[in-house]
Amino acid sequence: MSSGIAAARRGSSPIMGSLSQPQFHMPFESRLNPHVDQARAQAGEWARQMGMFDEEYSQWPQRWSEEKFDQADFPLFIALTHPDADACELELVTDWHVALWFVDDLFLPLYRRDHDQESAAAQVERLMMFLPLDGLPRPLSPGNPVERAFANLWSGTAATMSPLWRDRFVSSVRRFLDGVPWELEHVDHAVTDLIEYLGARRDFGGLQFTAVLMEHAMGELRPNVLRRREFHTAVDAFVDAISLHNDIVSYDREVDEGTVGNNGVEVARKALGLNRRDAATVINDLPGSTPWPRPRRSYRPRRSGSSSRSRRRWRARTCGTS
């Protein structure tokens with residue numbers, strides 16, 4: 001993913017093996033968070049503490065060694081999507097994404113290797129036990145890196161959230177986790193209809209989670225904003241653009257891994273009878289290629305008094321600041 005982000009930022013079109021990357025539409029100039037190097041160092045150390053580099057996870061697929069982790073540069077994505085977050089906030093958001101990328105890239109796919117869908121579903125249920133809506137720690141003993149990550153991150157994150165916000169956050173994680181077993185099941189029985197694929201991609205790509213987590217850095221959105229059709233349309237557009245562009249960037253890798261059946265480029269290729277280059281062009285054009293209208297006024301989310309106080313306490317405890 002990070003190579004595609006960097007390429008889009010430069011406006012270049014590198015060759016990805018047998019598939020050329022088209023020019024991605026960028027309606028604005030991206031900005032890089034100045035704390036990115038600090039986030040890189042912290043994310044690697046945190047992932048090591050959670051056990052994500054343990055030997056049992058480093059062999060299949062071969063990209064969760066420390067070397068592969070550094071090459072992937074996950075913090076770059078967060079630094080580009082959160083250019084104004086302070087160092088502590090950037091680290092928190094990065095850690096959450098590392099945890100879910102670990103699930104997406106490695107943890108649940110291990111169940112597919114053994115064709116054990118039942119155990120994968122049971123693991124999803126257990127993971128959700130580490131995200132109670134009251135935000136209070138539970139007497140559970142984490143048994144793997146993802147459980148340790150959720151236990152480590154949730155109580156501090158939930159303390160700054162209203163009950164409604166917690167519910168939306170937990171629901172977004174659940175939506176992502178439920179989508180991963182679905183994706184594993186459909187690798188060998190892939191979706192063949194492009195419209196059906198686009199609907200499913202919004203679930204199993206994890207970007208709904210990203211959209212909700214952004215509020216931790218920007219402030220909780222008001223309920224009247226959350227109810228508006230325009231807001232849901234904007235979130236869907238955000239999810240579609242990043243998910244489908246990632247399908248293009250990851251196409252060759254997924255061909256090598258044998259998981260390309262759940263890639264939009266492959267679905268478009270088969271559904272529309274196209275070659276790979278033309279299918280990639282179709283997927284690139286789907287999110288829309290016309291410039292977005294400039295907003296007439298900026299919107300700054302409002303923090304409630306209790307949320308602001310909770311956030312100050314969290315920063316003082318976690319970051320040593322007020």
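Only a predicted model underlies this, so the values are computations on that prediction, with no experimental measurement involved.
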Are there over 12 heavy-atom neighbours, none belonging to R228, within less than 6.0 Å of that residue's CZ? no
4.5 Å side-chain heavy-atom contact, [X] and [Y]:
X: Y197; Y: D247; value: yes
X: F53; Y: P145; value: no
X: L76; Y: R40; value: yes
X: F238; Y: T81; value: no
X: N275; Y: R269; value: no
X: H232; Y: V235; value: no
X: D84; Y: N33; value: no
X: T94; Y: W46; value: no

If the condition is side chain to side chain donor-acceptor pair (under 3.5 Å), which residues does E125 pass it with, not counting sequence neighbours? R174
Keeping to residues at least two apart or across chains, list the salt bridge (Lys or Arg N to Asp or Glu O under 4.0 Å) pairs with something in residues 149-170. R168-E215
Exercise: identify the closest heavy-atom pair between T157 and W96: OG1-NE1, 3.0 Å
Write down the atom of G51, the atom of R148, and the distance for their closest heavy-atom approach. CA-NH2, 4.0 Å
When W101 is tested against each of F176, F77, F209 for ring-ring contact (aromatic ring centres under 6.0 Å, His included), which residue passes? F77
Value rounded to 0.5 Å, distance of CG in L92 from CG in L213: 6.5 Å
Any side-chain donor near an acceptor of the partner, N152 and Q49, under 3.5 Å: no
